[in-house]
Amino acid sequence: MQDFQDHFLIAMPALNDPMFKRSVTYICEHTAEGAMGIVINHPLDVTVADLLNQLQIEFDKKSPVARSAVCAGGPVQSDRGFVLHSPKAGYSSSLELNDGLMVTTSKDILMDLTTSAAPEKFMLALGYAGWTAGQLEQEMADNSWLVIPADNSIIFDFSHAEKWQTATGKMGIKPWQLTTEAGHA
């Protein structure tokens, strides 16, 4: 089994599911039992301030972070938050994903987001994408996804609108060059 952990799944143009159309998904975990990832480029009509207000968490209303969009991380547990961030220890539920990337699911990070205690770089998503055993591999065979090694700069340094095109560009191709036909038998 090929391991896609710490890779991006880039949606092929023919993938029309609204949750995944032109999506870039960071794969947090991939085992024989399945895979789990977070869509990093589908902003919701919800800001960090909206979410913090709803959770009754005090925050700095003047912080630019308060106005940033929360992403739809995927269709599973869309009421659960995931913060992808640059390394910063001390949160009660964090996991290191690669050398410069962690994911935190505990509420304590939310209290820091609009303060100087926040991780240097982060993005907040609600929900995640999940695949059962063999499902992701089948979707790969069906030509639904391109796979590239993850690049933290795509997560943090590009607008949501730029991420899909930037990720496909990392492969040396332009989006118009992609076809719906699979190149395997």
Side-chain angles (χ1 to χ4, degrees), residues 3-11 19-20 22-31 35-130 147-167 169-170:
D3 183 6
F4 298 124
Q5 187 167 323
D6 195 32
H7 282 71
F8 287 142
L9 295 182
I10 304 167
M19 178 56 71
F20 296 106
R22 292 179 66 99
S23 68
V24 178
T25 304
Y26 176 82
I27 298 299
C28 299
E29 182 177 49
H30 185 215
T31 67
M36 180 267 184
I38 298 171
V39 177
I40 63 166
N41 68 323
H42 282 186
L44 294 165
D45 194 20
V46 175
T47 64
V48 170
D50 295 335
L51 184 65
L52 296 177
N53 272 328
Q54 184 178 348
L55 296 171
Q56 299 178 345
I57 294 173
E58 291 290 321
F59 64 96
D60 179 358
K61 292 171 179 51
K62 294 178 183 160
S63 168
V65 169
R67 293 183 298 277
S68 63
V70 175
C71 279
V76 182
Q77 291 187 344
S78 58
D79 60 338
R80 186 169 174 206
F82 296 84
V83 181
L84 288 173
H85 60 92
S86 54
K88 184 169 190 313
Y91 299 113
S92 60
S93 183
S94 296
L95 178 65
E96 185 175 353
L97 299 169
N98 69 33
D99 222 11
L101 185 65
M102 298 179 80
V103 63
T104 297
T105 57
S106 52
K107 196 173 177 180
D108 53 356
I109 194 171
L110 299 178
M111 293 177 232
D112 285 353
L113 292 184
T114 63
T115 73
S116 60
E120 181 184 345
K121 297 179 178 186
F122 64 88
M123 67 151 290
L124 176 58
L126 293 176
Y128 68 92
V147 180
I148 62 169
D151 178 337
N152 296 346
S153 70
I154 292 175
I155 298 171
F156 299 125
D157 300 337
F158 291 90
S159 71
H160 297 307
E162 296 171 313
K163 291 177 183 180
W164 185 79
Q165 194 161 338
T166 301
K170 288 270 185 193

Q. Taking all atoms of both residues into account, what is the closest heavy-atom pair of Ala11 and Trp164, and its distance?
A. O-NE1, 2.9 Å
Q | Result of checking Asp108, Thr105, Asp112 against Tyr91 for side-chain hydrogen bond (donor to acceptor under 3.5 Å, both in side chains) | A | Asp112
Q) Does a side-chain heavy-atom distance below 4.5 Å link Phe8 with Ile155? A) yes
Q) Could you state the interatomic distance from OG (Ser68) to CG (Leu124), rounded to the nearest 0.5 Å? A) 8.0 Å
Q | Spacing of Ser63 atom OG and Leu113 atom CG [to the nearest 0.5 Å] | A | 9.0 Å
Q) Considering all heavy atoms of both residues, which atom of Glu29 and which atom of Gln5 are nearest to each other, and what is their separation? A) CA-OE1, 3.7 Å
Q) Are any side-chain N or O atoms of Ser92 and backbone N or O atoms of Ser106, one a donor and one an acceptor, separated by less than 3.5 Å? A) no
Q) Where do Thr104 and Phe122 land on the side-chain contact (heavy atoms from CB on, under 4.5 Å) test, with the steps shown first? A) CA-CA 10 Å; Thr104 297; Phe122 64 88; over 6 Å; no
Q | Taking every non-hydrogen atom, the tightest pair across Ala117 and Lys88 | A | O-CE, 2.6 Å
Q: Describe, in one word, how the ring planes of His30 and Phe4 are oriented to each other, choosing from parallel (under 30°), tilted (30 to 60°) and perpendicular (over 60°).
A: parallel
Q: Find out whether Phe82 and Leu126 are in side-chain contact, i.e. whether some heavy atom of one side chain is under 4.5 Å from a heavy atom of the other.
A: no
(Q) So which atom in Ile154 and which in Ala167 form the shortest heavy-atom distance, rounded to 0.1 Å? (A) CD1-CA, 3.8 Å
Q.
Any non-hydrogen side-chain atom of Leu51 less than 4.5 Å from a side-chain atom of Ile57?
A. no
Q. Taking side chain as C-beta onward, heavy atoms only, is Val48 less than 4.5 Å from Phe59?
A. no
Q | Atom pair CD1/CG of Ile40 and Leu9 - distance to nearest 0.5 Å | A | 10.5 Å
Q | Any side-chain heavy-atom pair of Asn152 and Ser86 under 4.5 Å | A | no
Listing, residues 71-81 side-chain donor-acceptor contacts under 3.5 Å, not counting sequence neighbours, or none:
| residue | atom | partner | partner atom | Å |
| --- | --- | --- | --- | --- |
| Gln77 | OE1 | Arg80 | NH1 | 3.3 |

Q) If you round to the nearest 0.5 Å, how far is CG of Asn41 from CZ of Arg22? A) 9.0 Å
Q: Would you give the length of the straight line joining atom CZ of Phe156 to atom NZ of Lys163, rounded to the nearest 0.5 angstrom?
A: 8.5 Å
Q. If you take all heavy atoms of Lys107 and Leu55, which pair is closest and at what distance?
A. NZ-O, 4.1 Å
**Q.** Short side-chain donor-acceptor distance under 3.5 Å, His42 and Ser23
**A.** no
Q.
If I compare all heavy atoms of Lys170 with all of Asp151, which pair ends up nearest, and what's the gap?
A. NZ-OD2, 2.6 Å
**Q.** Donor-acceptor contact present, side-chain Lys121 to main-chain Asp157, <3.5 Å
**A.** no
Q: For residues 47-60, pull every pair meeting side-chain hydrogen bond (donor to acceptor under 3.5 Å, both in side chains), keeping only residues two or more places apart or in separate chains.
A: Thr47-Asp50
Q: Calculate, to the nearest 0.5 Å, the distance between atoms CG and CD1 belonging to Leu84 and Ile38 respectively.
A: 4.0 Å
